[in-house]
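What's counted below: heavy atoms across the whole structure, side chains too, no hydrogens, waters or symmetry copies. In this text, all values refer to a predicted model and were calculated from it rather than measured experimentally. Each residue takes its place number in the sequence, starting with 1.
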Amino acid sequence: MPWPVRILRVAYAPLFFVGLLWLGIAAQQRFGPVSLGVALVLAIAISFAAEQLAPYEPAFNRSHGDRARDFVHAVVTEVTNTVSVLVLPLLAAITPGLALWPTTWPIAAQLALAILVADCGITLSHYASHRSALLWRFHAVHHSVLRFYGFNGLMKHPLHLTFELACGATPLVLLGMPQDVAWLLAFATALQLLLQHSNVDMRVGPLVAVWAVAPAHRFHHLNRPGEGDVNFALFSSLWDHLLDTYRADPARRFGPSDLGIADRREYPRTYLAQLREPFVRARRIHEVRTEESR
């Protein structure tokens with residue numbers, strides 16, 4: 001294996017996250033939050049390039065006729081995130097906050113606090129989505145993927161995304177998080193989702209036990225019943241250690257047959273069909289139960 005690829009596998013994850021996050025903080029302070037959109041486009045381009053240079057599974061780089069759909073999912077997800085940050089001042093105005101946010105801290109420290117708080121709420125919402133039949137119908141859109149690459153992290157049903165945002169952001173609103181920190185949190189979340197679902201053959205060593213990137217998160221997408229109910233955290237695997245849902249095995253390899261939903265191989269593939277599916281599924285369940293009660 002060429003030495004540049006070896007270096008890329010080891011250095012990619014920390015350089016991608018820390019480097020782009022530093023760039024985002026500097027850009028926002030100088031040019032405002034619009035610059036974070038430019039930084040995100042750069043992050044997506046870097047993610048795609050790295051997946052081609054050092055792929056974990058070459059088959060995951062090949063389209064399954066899903067590129068246009070995944071692009072729409074990504075746009076809708078980021079627009080939803082943007083709107084959620086834009087309405088933050090309104091939410092703060094109508095919510096009796098605690099005014100406890102440490103506004104005198106350096107911006108990087110404030111962001112670290114926001115990540116810690118949001119990660120707890122999002123992890124718990126994710127955990128609940130695997131145990132509630134209602135929430136699972138919407139979360140299943142994310143698990144229907146048949147290949148594991150960066151854009152998968154941005155593939156969410158808008159209603160489930162809204163639920164996750166509410167769980168992660170409500171404590172932050174109550175604490176009085178300022179909008180500039182919220183913009184950076186949204187950017188950091190997008191970076192983490194790209195890393196968490198990346199097809200780069202990254203090597204993070206012992207960090208896999210505390211950092212919820214692809215080597216750990218691939219276990220969460222196993223399609224066999226029960227096996228994928230692990231590694232729910234967005235940023236830190238520490239939450240999974242507390243929930244006793246952390247699993248890792250450096251020797252385990254994953255391929256296309258490991259992904260998707262085992263009992264729903266026919267899951268819809270187009271964007272609009274995926275938006276409808278939770279409601280269609282609910283109607284089918286209701287019809288079956290009605291028929292059984294007769």
Side-chain angles (χ1 to χ4, degrees), residues 40 44 60 62-87 121-170 186 189-190 193-194 196-197 199 217-218 220-229 232 234 256-294:
L40 179 57
I44 292 171
F60 291 160
R62 293 192 288 272
S63 173
H64 288 56
D66 51 10
R67 284 176 178 161
R69 179 204 67 196
D70 291 354
F71 177 77
V72 175
H73 269 295
V75 170
V76 171
T77 294
E78 288 309 309
V79 168
T80 303
N81 288 335
T82 299
V83 171
S84 70
V85 177
L86 289 173
V87 302
I122 292 173
T123 299
L124 292 176
S125 70
H126 195 177
Y127 180 85
S129 297
H130 280 247
R131 281 153 177 76
S132 163
L134 174 61
L135 292 174
W136 170 253
R137 287 203 292 269
F138 292 90
H139 184 50
V141 170
H142 179 69
H143 279 267
S144 68
V145 296
L146 297 179
R147 61 185 179 127
F148 200 86
Y149 76 123
F151 255 16
N152 289 163
L154 303 176
M155 183 177 170
K156 299 172 181 284
H157 194 286
L159 291 180
H160 191 267
L161 174 61
T162 302
F163 169 67
E164 282 189 339
L165 287 172
C167 292
T170 297
T189 299
L193 287 170
L194 286 169
Q196 195 173 63
H197 298 81
N199 188 34
H217 195 67
R218 292 186 187 109
H220 181 71
H221 282 262
L222 284 169
N223 58 18
R224 286 171 286 283
E227 278 197 286
D229 292 331
F232 295 100
L234 174 57
S257 63
D258 294 308
L259 304 182
I261 304 173
D263 60 348
R264 297 294 311 282
R265 305 306 292 182
E266 80 294 350
Y267 201 91
R269 301 294 169 210
T270 63
Y271 180 76
L272 291 179
Q274 289 187 341
L275 292 192
R276 292 192 301 265
E277 181 59 19
F279 304 99
V280 173
R281 184 73 170 171
R283 188 182 66 209
R284 289 172 183 161
I285 293 173
H286 175 71
E287 290 173 349
V288 169
R289 287 177 177 173
T290 302
E291 185 65 27
E292 289 176 347
S293 66
R294 291 177 180 175

I'd like to know if the side chain of [X] and the backbone of [Y] have a donor-acceptor N/O pair within less than 3.5 Å.
X      : Y      : result
Arg137 : Val280 : no
Ser84  : Asn81  : yes
Asn223 : Asp258 : yes
Gln274 : His157 : no

Spacing of [atom1] belonging to [X] relative to [atom2] belonging to [Y], to within rounding of 0.5 Å:
X      : Y      : atom1 : atom2 : answer
Ser129 : Asp229 : OG    : CG    : 11.0 Å
Tyr149 : Asp66  : OH    : CG    : 5.0 Å
Leu135 : His160 : CG    : NE2   : 5.5 Å
Ile122 : Phe232 : CD1   : CZ    : 14.5 Å
Phe138 : Ser132 : CZ    : OG    : 10.0 Å
Leu154 : Ile44  : CG    : CD1   : 6.5 Å

Heavy-atom closest pair, residues [X] and [Y]:
X      : Y      : answer
Val76  : Thr80  : O-OG1, 2.7 Å
Pro268 : Ala273 : CB-CB, 3.6 Å
Leu40  : Ala190 : CD1-CB, 3.7 Å
Ser125 : Phe163 : CB-CE2, 3.5 Å

Could you tell me if the side chain of His64 sits less than 4.5 Å from the side chain of Arg69, heavy atoms only? no
Report yes if some heavy atom in the side chain of Pro158 is under 4.5 Å from a heavy atom in the side chain of Leu275; otherwise report no.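 Yes, their side chains come closer than 4.5 Å.
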Taking the six-membered ring for Trp, are Phe60 and Phe148 parallel (under 30°), tilted (30 to 60°) or perpendicular (over 60°)?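 Because their plane-to-plane angle lies in the 30° to 60° range, the rings of Phe60 and Phe148 count as tilted.
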So His143 and Trp136, would you call those rings parallel, tilted or perpendicular, with 30° and 60° as cut-offs? tilted
Should His73 and Val141 be marked as a side chain to side chain contact (heavy atoms under 4.5 Å, CB included) after you check the CA-CA gap, both sets of side-chain angles, and the distance that decides it? CA-CA 10 Å; His73 269 295; Val141 170; 3.9 Å; yes
With a 6.0 Å cut-off on ring centres, are His197 and Phe151 close enough? no
Please confirm whether His126 and His142 have ring centers closer than 6.0 angstrom.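 That pair fails the under 6.0 Å test.
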Among residues at least two apart in sequence or on other chains, which ones pass side chain to side chain contact (heavy atoms under 4.5 Å, CB included) with Val145? Asn152, Met155, His221
Take Leu146 and Arg269 through the side chain to side chain contact (heavy atoms under 4.5 Å, CB included) test and state the conclusion after the steps. CA-CA 10 Å; Leu146 297 179; Arg269 301 294 169 210; 3.6 Å; yes
